Amino acid sequence: MNADPESKLFVYNSLSRKKESFEPFKPPHVGMYVCGPTVYGDAHLGHARPAITFDLLFRYLKHLGYKVRYVRNITDVGHLENDADEGEDKIAKKARVEELEPMEIVQYYTVRYHHNMDQLNVLRPSIEPHASGHIIEQIEMVKSILEKGFAYESQGSVYFDVEKYSKNHHYGVLSGRKLDELMSNTRELAGQTEKRNSADFAIWKKAEPAHIMRWPSPWSDGFPGWHMECSAMGCKYLGDQFDIHGGGMDLLFPHHESEIAQSTIANGKSPVRYWMHNNMITINGQKMGKSLGNALSLDDFFSGKHELLAQAYSPMTIRFFMLQAHYRSTLDFSNEALQAADKGLKRLMNATADAMQLKADSQAADQHVDAIRADAYQAMNDDLNSPMAIARLFDAVRIVNSVKEGHSNINPAELKLLQELLNVFVFEILGLQSEDSAQDDHLLDGLMETIIQLRQDARQRKDYATSDLIRDKLASLKIVLKDGKEGTGWERK
RNA sequence: GGUCUCGUGGCCGAGUGGUUAGGCAGCGGUCUGCAAAACCGUGUACAGCGGUUCGAAUCCGCUCGAGACCUCCA
């Protein structure tokens, strides 16, 4: 199935603050880099949003026929921690507390992150580089910036000279900031004295004695500045200039702004053509934060074991819920909203399965499936408007159900188009998958078949006491019987 | 305080100058022994105040409210 040739992909570029026609540097190849997790704790909702947003983009680009190299980093080297008494490597701190090797922590949470992403049906990136595995590249980049005169060493650390950079470049292109405002608005923080200017940022940081994770460098035993890893690894795997760089809006400044500055000096050109940023998530209208007690992990949602949650929400419910909002809008989580998404998802998935069973009628009138299809593609091409595309899929759902119920007919060509539309969008582009817990359990299937048959017999004898007893007992095991025209089905609640 | 974003019907959430978003809930109906499930039908909303316009949820201004960022946290 090919996309509507009439419409073309447009994406919102944070750099221009406009939707732009997507034109890769070297079609059909697309290079895409997305800021990945810091693996010092379990993945929470905030990790799911960019993962799902850029998974959608990855899937859609591939669907359009592009050959995509998708790089998403694992951040596992040291930076200072905000709420620590004195600066201390996040991973090192946790390691001391738990008496584990830092890389053991990294490994542990990386595996758990992967598991959560698999649950959400987020495709693995093409390359998933670790910052700790690219210390040499980062040091080389620091050297290059020093040689070009845009950084200076101070007490074993190396800082990027923002003021000098600003003479010929615009530090603030991405975030819309002005240097003089940055100078005057910066808070007073410890350690500022090493810097010539408060707007300067570290590209190499000398490690305090307490730091476990440290590497030798020409300047000190230490670790690279936060922004270095993305610049170095993006360049290594995607080149001096690549097509798309993604991440959360919270990373716009200073992280991505600084990446642009570093890479521009080191490589002589602005690194990225399209900067794309997903918006943030709120819970019950409130921002997510550890101090607010609402930083729910993905496992919390999947298990339902958190006081804010009325029930468990499956990975696909979370995924579908996120796709029902545009990626550049804030998204508010609440039990009510998630339950609504859960039901809507079931309706979509059921209809997608039912569509395969429909029978065509060559006499049937036009159902305008091609218009629905074109609108769905147009929505995706308009900066990945998945909520609009999903709305159109529900139009298709209405047709499926109406044919299924015998209220209308569909001709063979349209039925084929309808089946393709639902299959391609639901599974391939949106990345939804069936979560029917009954699948692949032959013993349970057999048992249920027997029980349902016994109840059916009782109902035919009008022995409703027995049939209702069976229904109630199963309900207490969280198994719901669904009586339909063509027999009784069941599902786990 | 500075920069920026947002405020849509009971809930979530698209739309961004003139035509139905969609989902969930509610209501009505079909089906059912009853119920559940499923399915069908159904709502004309756009923070407030002013302005521009033949016409504004959509543009402009102000007010109120919410959020993001403002560097050595990633």
Side-chain angles (χ1 to χ4, degrees), chain A residues 17 35-40 75-84 87 90-91 131 157 159-160 162 172 175-178 181-182 184-187 189-192 194-195 198-205 225-227 229 248-255 257-258 277 279-280 282 285-287 320-321 324-326 328-348 350-351 354 375 379 382 385-395 397-398 401-402 404-407 459 462 464 467-468 471-472 475 480-485 488-491:
Chain A
R17 295 182 188 75
C35 292
T38 303
V39 281
Y40 73 100
T75 295
D76 60 353
V77 302
H79 299 283
L80 298 174
E81 192 167 33
N82 216 5
D83 49 5
K90 273 191 177 178
I91 290 165
S157 295
Y159 294 95
F160 189 88
V162 171
S175 56
R177 273 156 225 276
K178 295 186 177 68
E181 285 167 4
L182 289 171
S184 55
N185 284 323
T186 299
R187 308 175 207 149
L189 285 167
Q192 298 266 40
E194 289 182 3
K195 296 200 278 187
S198 59
D200 296 347
F201 56 89
I203 53 180
W204 183 266
K205 189 75 184 158
W226 166 38
H227 319 303
E229 58 178 279
M249 272 182 189
D250 53 333
L251 300 177
L252 257 161
F253 189 88
H255 184 49
E257 194 72 61
S258 301
H277 294 90
N279 214 319
M280 312 314 284
T282 56
Q286 212 181 21
K287 78 165 182 175
F320 183 68
F321 182 63
Q324 263 195 313
H326 186 85
R328 284 192 290 115
S329 299
T330 54
L331 176 59
D332 187 50
F333 272 69
S334 63
N335 282 294
E336 211 176 354
L338 283 167
Q339 284 160 6
D342 184 38
K343 292 195 176 177
L345 174 63
K346 282 202 173 96
R347 202 158 99 88
L348 177 62
N350 286 341
D354 289 342
D375 286 351
D382 183 14
N385 196 331
S386 53
M388 177 76 94
I390 289 170
R392 297 289 73 77
L393 294 185
F394 276 106
D395 291 341
V397 167
R398 183 155 294 115
N401 287 328
S402 138
K404 181 186 162 203
E405 298 287 313
H407 298 312
R459 291 177 73 199
K462 296 200 193 303
Y464 296 125
S467 68
D468 288 353
R471 185 170 68 194
D472 294 346
V480 179
L481 294 179
K482 305 199 293 189
D483 293 329
K485 274 181 184 158
T488 300
W490 63 279
E491 70 179 14

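Every chain is numbered from 1, with letters handed out A, B, ... down the list of sequences. Note that this is a predicted model, so its numbers are computed, not measured.
- One atom, CG of A:L345, and another, C1' of B:C12, lie 15 Å apart when rounded to the nearest Å.
- Across the interface with RNA chain B, nearest-nucleotide mapping of A:T330 and A:F201 shows A:T330 to be the residue nearer the 5′ end.
- Nucleotides B:G61 and B:C4 are separated by 12 Å at their P atoms, to the nearest Å.
- With P as the reference atom, B:G48 and B:A36 are 39 Å apart, rounded to whole Å.
- One distance of note links CD1 of A:I390 with CG of A:L345; it measures 9.0 Å at 0.5 Å rounding.
- When heavy atoms are screened at a 4.0 angstrom cut-off, A:A202 is found touching base atoms of the nucleic acid.
- Here A:F333 lies out of heavy-atom contact (under 4.0 Å) with every strand.
- Judged by atom type and distance alone, A:D468 reaches the base of B:G33 through a side-chain donor-acceptor pair under 3.5 Å.
- Annotation: B:G18 and B:U30 have their P atoms spaced 40 Å apart (nearest Å).
- As a whole-Å value, the separation of A:R328 CZ from B:C6 P is 9 Å.
- Remark: P of B:G33 and NZ of A:K462 are 7 Å apart, rounded to the nearest angstrom.
- The same atom, P, is picked in B:G33 and in B:G10; the two are 39 Å apart, to the nearest Å.
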Considering only nitrogen or oxygen atoms on both sides, find all protein atoms under 3.5 Å from nucleotides 35-39 of chain B and state each distance.
residue, atom, partner, partner atom, Å
B:A35, N6, A:D483, OD2, 2.5
B:A35, N1, A:R471, NH1, 2.9
B:A35, N3, A:R471, NH1, 2.8
B:A36, N1, A:D483, N, 3.2
B:A36, N1, A:D483, O, 3.1

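- Contact annotation: A:S329 reaches the phosphate of B:A14 (side-chain N/O to OP1 or OP2, under 4.0 Å).
- Using the Watson-Crick or G-U wobble rule with both distances under 3.5 Å, B:U20 pairs with nothing in any strand shown.
- The minimum heavy-atom distance between A:M249 and A:H277, with the atom names listed, is CG-CB, 3.7 Å.
- In this entry the distance linking CE of A:M280 with C1' of B:C4 reads 15 Å, nearest Å.
- Note: NE2 (A:H255) to P (B:C70) measures 13 Å, nearest angstrom.
- Nearest approach of A:T75 to A:A131, heavy atoms of both residues: CA-CB, 4.5 Å.
- Rounded to whole Å, the distance from CZ on A:F320 to P on B:C24 is 9 Å.
- By the ring pair (Phe, Tyr, Trp, His ring centres under 6.0 Å) test, A:H255 is found to be paired with A:W226, A:H227, residues two or more places apart in sequence or in another chain being considered.
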Is there any protein nitrogen or oxygen under 3.5 Å from a nitrogen or oxygen in nucleotides 16-21 of chain B, and what are the pairs?
residue, atom, partner, partner atom, Å
B:A21, O2', A:R392, NH2, 3.0

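- If you check the side chains of A:T330 and A:N279, you find no donor sitting under 3.5 Å from an acceptor.
- Note on A:F394: only backbone sugar-phosphate atoms sit closer than 4.0 angstrom, heavy atoms only; bases stay farther off.
- Taking every side-chain heavy atom of A:D250 into account, B:A68 is the closest of B:G2, B:A68, B:C11.
- Across B:G65 and B:C27, the matching P atoms stand 36 Å from one another, rounded to whole Å.
- Taking 4.5 Å as the limit, every side-chain heavy atom of A:S198 sits out of range of all side-chain heavy atoms of A:D200.
- Rounded to whole Å, the separation between the P atoms of B:A21 and B:C64 comes to 32 Å.
- Along RNA chain B, the nucleotide nearest to A:A325 and the one nearest to A:G36 differ in position, and the one closer to the 5' end is contacted by A:A325.
- Between the P atom of B:A68 and the CG atom of A:N279 lies a distance of 10 Å, rounded to the nearest Å.
- Counting any heavy atom pair closer than 4.0 Å across all strands shown, A:F253 reaches sugar-phosphate atoms only and no base atom.
- Between A:A379 and A:M388, the closest heavy-atom pair is CB-CG, 3.4 Å.
- Shown here for A:A341 and A:F320, the closest heavy-atom pair between the two residues is O-CD2, 3.5 Å.
- Taking the P atom of each, B:U16 and B:C59 are spaced 10 Å apart, rounded to whole Å.
- Under the Watson-Crick or G-U wobble criterion, with both distances below 3.5 Å, B:C59 is paired with B:G51.
- Rounded to whole Å, the separation between the P atoms of B:A47 and B:G9 comes to 8 Å.
- Side-chain N or O atoms of A:E257 include one that pairs as donor or acceptor with a backbone N or O of A:S175 at under 3.5 Å.
- For the atom pair NE2 of A:H326 and OG of A:S386, the computed distance is 7.5 Å after rounding to the nearest 0.5 Å.
- Partner assigned to B:A66 is B:U5, using Watson-Crick or G-U wobble distances below 3.5 angstrom.
- Spacing between atom CG of A:D332 and atom P of B:A68 amounts to 12 Å, rounded to whole angstrom units.
- In this structure the side chain of A:R459 never reaches within 4.5 angstrom of the side chain of A:R471, judged on heavy atoms.
- Interatomic distance, A:D472 CG to A:L481 CG, rounded to the nearest 0.5 Å: 10.0 Å.
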